[in-house]
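Step one of this worksheet: look at the structure below.
Throughout, numbering of the chain's residues begins at 1 and tracks the sequence.
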Amino acid sequence: MRAMLIANPKATSTSRRARDLLVRAFSGDLDLVIADTAHRGHATEIARRAALDGYDAVIALGGDGTVNEAVNGLLAEGPSPDLPALAVLPIGSANVFARALGLPRDPIGATRVVLDALRAGRYRTVGLGTASHSGGPERYFTFCGGVGFDAEVVREVERRRSAGAKADPSLYVRTAIRHFFSGTDRRRPALTMEVPGLPTKSGVFMAFISNTAPWTFMGPVPVNPSPKANFSRGLDVFATRTLDAAPTLSALARMMTPRTRPVQGRHVVDVHDAAEITLRAERPVAFQLDGDYLGEQDLITFRSVPKAIRIVI
């Protein structure tokens with residue numbers, strides 16, 4: 001079996017020694033080619049080349065950003081049963097997609113699971129989401145999108161990481177608290193949400209779009225606004241029409257407790273199993289996919305793509 005290993009040497013918690021251990025584990029089973037990423041978007045280029053060259057599998061060794069780029073490279077020409085299968089070896093700070101698939105959090109344990117699956121020919125086909133905006137190409141995402149406050153937090157965290165801060169749950173918590181009270185606009189909602197077949201919702205401050213549950217993790221604790229979301233259905237949405245401190249903190253607390261029903265409330269908008277969601281903004285609003293900040297936009301359309309990609313699992 002021919003496989004391309006895409007490794008992000010800068011991913012949180014990784015090291016060349018760990019990568020070499022993983023390569024040796026695969027060497028007896030695969031005709032393995034190793035490609036290190038050198039810049040943002042490089043994993044997309046490598047995965048696209050692997051798809052064009054007819055590889056059997058692409059292995060993403062990195063965090064959620066590396067996985068997202070690999071997915072977008074594999075699906076550059078759209079879903080197809082002939083595309084390489086994707087294997088994920090998590091070495092990032094959150095690894096939400098890998099954890100949602102049920103993979104062990106450590107790369108050594110995940111390697112054992114992936115090797116067993118490759119030897120047995122076990123695959124799972126999962127649905128993904130896409131997001132498109134004016135002036136930009138459609139982009140796939142694996143587990144979540146966000147518009148508004150959470151994307152602003154991702155932007156601020158990326159700035160701090162560029163300045164040398166370590167990406168860990170405490171950095172996100174500190175950044176979110178600081179930005180909530182002194183950075184984001186909590187008075188003027190900018191968003192209007194449109195879902196075919198449902199009433200239009202205006203006065204929205206922020207929206208989480210989920211392709212699976214949980215939406216993310218705070219260390220070991222799942223953050224779960226839309227627990228019914230899963231890879232075999234459409235997209236789920238949690239949106240809020242207030243950023244007042246009390247209802248926002250109450251909703252966050254409920255997201256972090258075990259639950260089977262979506263977070264609900266007087267100021268909450270919930271949508272389950274949507275094929276398409278459009279968010280219009282009165283002014284440019286921050287936007288992220290899979291924890292990757294993508295700038296400010298005033299019109300974003302999210303779509304569900306059933307059975308988009310094969311995963312080694």
Side-chain angles (χ1 to χ4, degrees), residues 6 41 43-48 50-51 57-60 62-90 92 94-103 114 117 123-133 136-147 150-151 154 195-196 207-217 225-238 271-279 287-294 300-313:
I6 302 175
T44 298
E45 299 168 14
I46 297 168
R48 184 172 189 173
V58 166
I59 304 168
D64 288 311
T66 303
V67 173
N68 179 280
E69 289 189 10
V71 164
N72 278 277
L74 288 172
L75 296 174
E77 306 300 324
S80 167
D82 299 324
L83 289 174
L86 175 69
V88 178
L89 299 180
N95 305 307
V96 179
F97 183 59
R99 292 161 78 175
L101 290 169
L103 283 167
V114 169
Y123 303 95
R124 176 185 176 187
T125 301
V126 303
L128 301 175
T130 66
S132 58
H133 57 85
E138 188 171 60
R139 178 162 171 166
Y140 288 88
F141 63 97
T142 62
F143 62 92
C144 84
V147 182
D150 81 297
V154 170
V195 178
F208 302 161
I209 292 83
S210 295
N211 186 49
T212 187
W215 172 68
T216 190
F217 290 87
S226 302
K228 292 184 179 180
N230 66 78
F231 292 125
S232 63
R233 304 296 294 270
L235 302 175
D236 281 24
V237 183
F238 166 88
V271 177
H272 174 58
D273 193 20
E276 180 176 308
I277 304 116
T278 297
L279 291 169
F287 164 49
Q288 64 89 9
L289 290 179
D290 286 349
D292 187 11
Y293 179 64
L294 297 176
I300 308 166
T301 297
F302 298 88
R303 294 185 178 89
S304 173
V305 184
K307 299 181 179 179
I309 193 167
R310 287 188 305 142
I311 306 294
V312 180
I313 190 68

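With hydrogens and angles disregarded, no donor-acceptor distance shorter than 3.5 Å links the side chain of D236 to the backbone of S210. Side-chain atoms of D290 come within 3.5 Å of backbone N or O of C144 as a donor-acceptor pair. One N or O on the side chain of E69 and one on the backbone of G41 form a donor-acceptor pair closer than 3.5 Å.
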Margin query: With ring pair (Phe, Tyr, Trp, His ring centres under 6.0 Å) as the criterion, how do F97 and F231 come out once you've worked through the C-alpha distance, each side chain's angles and the decisive distance to 0.1 Å?
Written below: CA-CA 10 Å; F97 183 59; F231 292 125; 5.6 Å; yes
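Under the rule for a side chain to side chain donor-acceptor pair (under 3.5 Å), the partners of D150 that lie at least two apart in sequence or sit in another chain are Q288. For R310, there are no salt bridge (charged side-chain N to carboxylate O under 4.0 Å, His left out) partners at least two apart in sequence or on another chain. Remark: F208 pairs with W215, F238 by the ring pair (Phe, Tyr, Trp, His ring centres under 6.0 Å) rule, at least two apart or across chains. For R139, the salt bridge (charged side-chain N to carboxylate O under 4.0 Å, His left out) partners are D292, not counting sequence neighbours. Not counting sequence neighbours, F217 has no partner by the ring pair (Phe, Tyr, Trp, His ring centres under 6.0 Å) test. In this structure R99 satisfies the side chain to side chain donor-acceptor pair (under 3.5 Å) test with no other residue, sequence neighbours excluded.
Across all non-hydrogen atoms, the minimal contact from P214 to V96 is O-CG1, 4.1 Å. Taking both residues in full, the closest heavy atoms of S304 and A274 are given as CB-O, 3.8 Å, listed atom of the first, atom of the second, then distance. The shortest heavy-atom contact between R303 and E276 is NE-OE1, 3.3 Å.
Under 3.5 Å, the side chains of N68 and D64 contain no donor-acceptor pair of N or O atoms.
Between the CZ atom in F302 and the CD atom in E138 there is a gap of 11.5 Å [rounded to 0.5 Å]. Separating the CG atom in L75 from the CZ atom in R48 is a distance of 11.0 Å, to the nearest 0.5 Å.
Exactly one residue among I209, D273, V195 makes a side chain to side chain contact (heavy atoms under 4.5 Å, CB included) with L235. That residue is I209.
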